[in-house]
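The next block holds one structure in the form of structure tokens; read it before the comments.
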There are 2 protein chains.
Amino acid sequence: MATQDRLIESTQELLWERGYVGTSPKAIQQRAGVGQGSMYHHFDGKPDLAAAALRRSAEEMRAVAEERLAGPGTAYQRIEAYLLREREVLRGCRIGRMAQDPEVVADPRLRAPVEETFDWLRGRIAEVIAEGRAAGEFVPGADPADTAAAVVAVVQGGYVLARAADSVEPFRQAVRGALGLLAGLNAPAGA
Amino acid sequence: MATQDRLIESTQELLWERGYVGTSPKAIQQRAGVGQGSMYHHFDGKPDLAAAALRRSAEEMRAVAEERLAGPGTAYQRIEAYLLREREVLRGCRIGRMAQDPEVVADPRLRAPVEETFDWLRGRIAEVIAEGRAAGEFVPGADPADTAAAVVAVVQGGYVLARAADSVEPFRQAVRGALGLLAGLNAPAGA
DNA sequence: GTCTATATGTGGATAGAC
DNA sequence: GTCTATCCACATATAGAC
């Protein structure tokens, strides 16, 4: 693999594990098996490399989500598939974690991929809900955009609760809770 | 105010703003207007001081939540009051933010207040939901503990979405979405 | 109790040889 | 393109004077 790619991948991993402030150039170089000069040859510095890593992580996350949301089944089933997808819960969300970091939030180049990912995700889930409503699967009443934001927030908050408890259980509870509430949107059978 | 208290308060603020990794002893001392020797006289070091600060923040957060959850009104109204409570959304959650930090999660003394806070909060909201169900206000069906976890997760995730967007709007959307879904639990009028 | 001095490592980067 | 040497500031403390 090319040196740039190894640097980007190492940075993706370290940002996930340790956040932006907690990730040093030296650690990146060591994990990538690359010398100092080499890193600064390919990238301007830590922010530049981090921006590249975040763009790539954002792409990957969108692809994984789209796989479930564009899958087969009713609107409810597609959202369920998204929520129940296999996750390394205790590692947290690679993208969501960045929103806690003041240096990421303060730097437009670093915040952009994070913002775009969640904008896209909320919009995409809102679409699915709107489709379910148009198909008569869901009762009207719940706003698609608001409901979508709640769904995404449950996942992000679930990560927080799980890490706080050092257990995946709160994440699973939150997801079950969300699915139970979403089931209330289903139109009465035979309607 | 006593020196210890000024140190603890400064640490609370800095942990909130910059997280555990991002908070240096020097910054704490400067904000507290206290010299180095003084800090190390009163506390063993950064972890010790951070533990004291987190315990205090946890207490404060529980008190604020309990105020709403023990207030007047139906179960739905009390959860609504909790969700709609005035918040400095873009600052994030003082406690939830700590769950992202690997050093906090790895240190039992630092993680304990975080875990206990969310355990308590989920349990407390589950109680309110169970009361609403027992009073016939809510239809049975949704599990109180799962639903409570979802409610707490919406708030924590809402913070993440808001900071990612650098706007309070996604937080408000998520809360509105959650309230819309919770409304589906209400027993049919006149039942 | 509080202050200043000192110590050791790391963060983040530049310079210049190969 | 990659390596080593070097740089300055900061992180996190300890030592000992006052």
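Every chain is numbered from 1 and lettered A, B, ... according to where its sequence line falls, protein lines coming before strand lines. Excluded from the calculations below are hydrogen atoms, water molecules and symmetry mates; all remaining heavy atoms, backbone and side chain alike, are included.
Among the nucleotides C:dA13, D:dG1, C:dA5, the one closest to any side-chain atom of A:P47 is C:dA13. Distances were taken from every side-chain heavy atom of A:H41 (C-beta onward) to each of C:dA13, D:dG1, C:dG1; the shortest belongs to D:dG1. Between C:dT4, C:dG11, C:dG1, one nucleotide has an atom nearer to the side chain of B:Q36 than all others, and that is C:dT4. Relative to the side chain of B:Y40, the nucleotides D:dT2, D:dA13, C:dG12 differ in distance, and D:dA13 lies closest.
Distance CG (A:D44) to P (C:dG12): 16 Å, rounded to an integer number of Å. When the C1' atom of D:dT4 is taken as reference, atom CD of A:Q29 falls 13 Å away, rounded to whole Å. The nearest whole Å value for the distance from the CD atom in A:Q30 to the C1' atom in C:dG11 is 13 Å. One atom, CE of B:M1, and another, C1' of C:dG1, lie 17 Å apart when rounded to the nearest Å. Here D:dC7 presents its P atom at 16 Å from NZ of A:K26, a figure rounded to the nearest Å. Spacing between atom CG of A:L49 and atom C1' of C:dG11 amounts to 15 Å, rounded to whole angstrom units. Look at CZ on A:R18: it is 16 Å from C1' on C:dG12, rounded to the nearest Å. The interatomic distance linking B:D48 (CG) with D:dT12 (P) rounds to 15 Å, in whole Å.
Checking A:G37 against B:T3, the closest nucleotide of DNA chain C that is more toward the 5' end is the one next to B:T3.
The pair A:R172-B:D146 does not meet the salt-bridge criterion, since no charged nitrogen lies less than 4.0 angstrom from a carboxylate oxygen. A salt bridge is absent between B:E103 and B:K46: the closest approach of a Lys/Arg side-chain nitrogen to an acidic carboxylate oxygen does not fall below 4.0 angstrom. By the 4.0 Å N-to-carboxylate-O rule, A:E127 lies close enough to A:R124 to be salt-bridged with it. Under 4.0 Å is where a charged nitrogen must lie from a carboxylate oxygen, and between B:E66 and B:R62 no such pair does.
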